[in-house]
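What follows is one structure encoded as structure tokens, with my remarks underneath.
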Amino acid sequence: MNGKRNDKDIILNVVNLKTYFPVKAGLWRKTLGYIKAVDDVSFSIRQGQVFGLVGESGCGKSTVARTVVRLEKATFGKVYFNDLDVINADKKDIREFRRNVSLVFQDPYSSLNPRMTVGNIIGEPVKTHKIAKGEELYEKVADILERVGLSPEYINRYPHEFSGGQRQRISIARALALNPELVICDEPVSALDVSIQAQILNLLKDIQAEFDLTLLFIAHDLAVVQFFCDVIAVMYLGKIVEQAESRVLYERPFHPYTEALMSAIPQIDPSLRKKRVVPKGEVPSIANPPSGCPFHPRCRYAQEKCSEIVPELEEKGDGHIVACHFPLSK
């Protein structure tokens, strides 16, 4: 495997990643422009870390994940997994890469093949990579089911026989089947009831600690990742606008968009409730983003400079970075 990385503890390094989709029209399907779903995104995840990627629906979070695992083609940039240059890797290296990187999808109803039993769903990747077969495979699948809180007796049942929470446990079991180094969770609880969300989050937290897994956790709700992630990056219209350790971000957000997201987090204790900050207008079309700072049309602090110049990510201390011309100070 050929590639490079800057730090021996970094397991995933995303560098200036761009994923653009052409907009075509007319008889000859002429390209009129591009949807910049991911626009110059960079971040690193360390071994054993839980890295959160949050933002409103349509901001490009899931496209980042799909590009990292090469389900979408990168327009520009680099993705390094350990020492592997993922974007330029050949089929042999990508096969090994996909053994070490697993996905848990958002919808537990569409991500499981309804014609396959639970045993086949979890065991398929194990058989594909020739890790186990026969009785050994059965025991491995049964063990994984127990680890995610399901009975081994379910091994011959089909997905339609389970609730949404149980299906997501099956999805997690499938993701763990190959003992991966990195698990990418693409909004794994957003389609579930609130009571079930807590159970799945606790399960993921326990599994992460037990297996010393590295997680890329994608969500649109900051409340979901508040006590789960070590580091959080906030995305808006294809760009990362702020990133910091979870505790630091919640104590002192610098970007007005992060402030708005955090003000929407429900608080049981009235003394902890913050005044709701509602951004102006609607989220702009990612096919026609505004000039300058992408958030400026909705920002209550915007000044003339914000509409003209795109802010660069700047270090504010303790690894806290923000892309804002007039960062908040508290």
Got a sec, which residues hit side chain to side chain donor-acceptor pair (under 3.5 Å) with Tyr20, two or more places apart in sequence or on another chain?
Asp39
Tell me if a side-chain donor or acceptor on His255 pairs with a main-chain N or O of Val234 at a distance below 3.5 Å.
no
State whether the side chain of Arg167 and the backbone N or O of Pro159 hold a donor-acceptor pair below 3.5 Å, judged by distance alone.
yes
So, does Lys61 use its side chain to make a donor-acceptor pair with the main chain of Gly55 at under 3.5 Å?
yes
Quick check: are there more than 12 heavy atoms from other residues, nucleotides or ligands sitting under 6.0 Å from NZ of Lys130?
no
Give a yes or no on whether the ring-centroid distance for Phe295 and Tyr257 is below 6.0 angstrom.
yes
More than 12 heavy atoms from other groups under 6.0 Å of CD on Glu245:
no
Does Arg70 reach the main-chain N or O of Ala89 with its side chain, forming a donor-acceptor pair under 3.5 Å?
yes
Using a strict cut-off of less than 4.0 Å between a Lys/Arg side-chain nitrogen and an Asp/Glu carboxylate oxygen, indicate whether Arg174 and Glu124 qualify as a salt bridge.
no
Charged N-O contact under 4.0 Å between Asp85 and Lys78
yes
If Ile, Leu, Val, Met, Phe, Trp and Tyr residues are connected whenever their side-chain heavy atoms lie under 4.5 Å apart, and connections chain through other members, are Val79 and Phe76 in the same group?
no
Taking the side chain from Glu242 and the backbone from Phe254, do they hold a donor-acceptor pair closer than 3.5 Å?
yes
Counting N and O atoms only, with roles assigned by atom type, does the side chain of Ser291 sit under 3.5 Å from a partner on the main chain of Ser307, one being a donor and the other an acceptor?
yes
Looking at Lys24, I'd like to know if its NZ atom is crowded, meaning that more than 12 non-hydrogen atoms belonging to other residues, nucleotides or ligands lie closer than 6.0 Å.
yes
With distance as the sole test, does Gln208 use its side chain to make a donor-acceptor pair with the main-chain N or O of Leu213 at under 3.5 Å?
yes
Is Arg252 reaching over with its side chain to a backbone N or O of Leu328, donor-acceptor style, under 3.5 angstrom?
no
Thr19 (side chain) donor-acceptor with Ala74 (main chain) under 3.5 angstrom:
no
Kindly say whether Val189 contributes a backbone atom to a donor-acceptor pair with the side chain of Gln197 at under 3.5 angstrom?
yes
